[in-house]
Amino acid sequence: MDRVRHVRAVKRYGVVVLFACVSSIAESQQDLSSGLELLRSRKGHSVVEFIDDAAKQEIPIDVIKKQLHVA
């Protein structure tokens, strides 16, 4: 049972990281580096922190997307 939870946690973390990357790319409308730089420059990394905190609380990704108003 612990292995199943661990595998799910790793997969969930991967999804959150990819979602954060896609969000930063979409926000900058360029590439990942530009997106991360834009988020850092305007303190938008709180979005990434929000997604990370939600994932740690095991909130489903659909709920996170609704809260962020993402399709």
Please set out all donor-acceptor pairs under 3.5 angstrom arising from side-chain atoms of residues 52-61, sequence neighbours excluded.
residue	atom	partner	partner atom	Å
Asp52	OD2	Lys56	NZ	3.2

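Residues Val15 and Phe50 share a hydrophobic cluster, clusters being chains of Ile/Leu/Val/Met/Phe/Trp/Tyr side chains in contact below 4.5 Å.
Taken from CD in Gln29 to CD in Glu27, the straight-line distance is 8.0 Å, to the nearest 0.5 Å. For the atom pair NZ of Lys65 and CZ of Phe19, the computed distance is 7.0 Å after rounding to the nearest 0.5 Å. For the atom pair CD1 of Ile64 and OG of Ser23, the computed distance is 10.5 Å after rounding to the nearest 0.5 Å.
A donor-acceptor pair is defined here as one N or O able to donate and one able to accept, closer than 3.5 Å; no such pair exists between the side chain of Ser34 and the backbone of Gln30.
Residues passing the side chain to side chain contact (heavy atoms under 4.5 Å, CB included) test with Ile25, sequence neighbours excluded: Leu32.
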